[in-house]
Amino acid sequence: MKRWRDPVFTERRTYRRRRMTDAATLLPFFGAGLFLLPMVWGGPDLRTSTVILFLFPVWAGLCVLSVIVSRDLESGEEDGTQEMAERPPDEEADER
């Protein structure tokens, strides 16, 4: 008979927190790419007003995304993962 192994996947909460941390790390690079996009458009007929009408919604969208990501990361601190990391090793031995 085969023995069952521990699950390969992590908890949903842990997985989601890691993905949100990744999103928070990549958000500035994504924003920089979007801000540099008008330089790729280039050309003699590109107007400043067109670039401004592109950059303002991008800036506002990045602000909204950063608020969403930061709130989700902030609420994830309450799940007890911080407490486990800060627990001294001698308390773990007493519980066994």
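Just the heavy atoms: all of them, side chains too, but no hydrogens, waters or symmetry mates, feed the values below. These figures come from a predicted structure and were not determined experimentally.
- In the hydrophobic clustering of this structure, Leu65 groups with Val58; members are Ile, Leu, Val, Met, Phe, Trp, Tyr whose side-chain heavy atoms approach within less than 4.5 Å, directly or through other members.
- Without hydrogens or angle criteria, Thr50 side chain to Leu46 main chain gives no donor-acceptor distance under 3.5 Å.
- What you find for Arg17 and Leu73 is that their closest heavy atoms are NH1-O, 2.8 Å.
- With sequence neighbours excluded, the residues satisfying ring-ring contact (aromatic ring centres under 6.0 Å, His included) with Phe54 are Trp41.
- In terms of heavy atoms, Val69 sits closest to Met20 at CG1-O, 3.7 Å.
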Pair up each side-chain donor or acceptor in residues 22-39 with any protein partner under 3.5 Å, not counting sequence neighbours, and list the distances.
residue : atom : partner : partner atom : Å
Asp22   : OD2  : Arg19   : NE           : 3.1
Asp22   : OD2  : Arg19   : NH2          : 2.9
Thr25   : OG1  : Thr21   : O            : 2.9

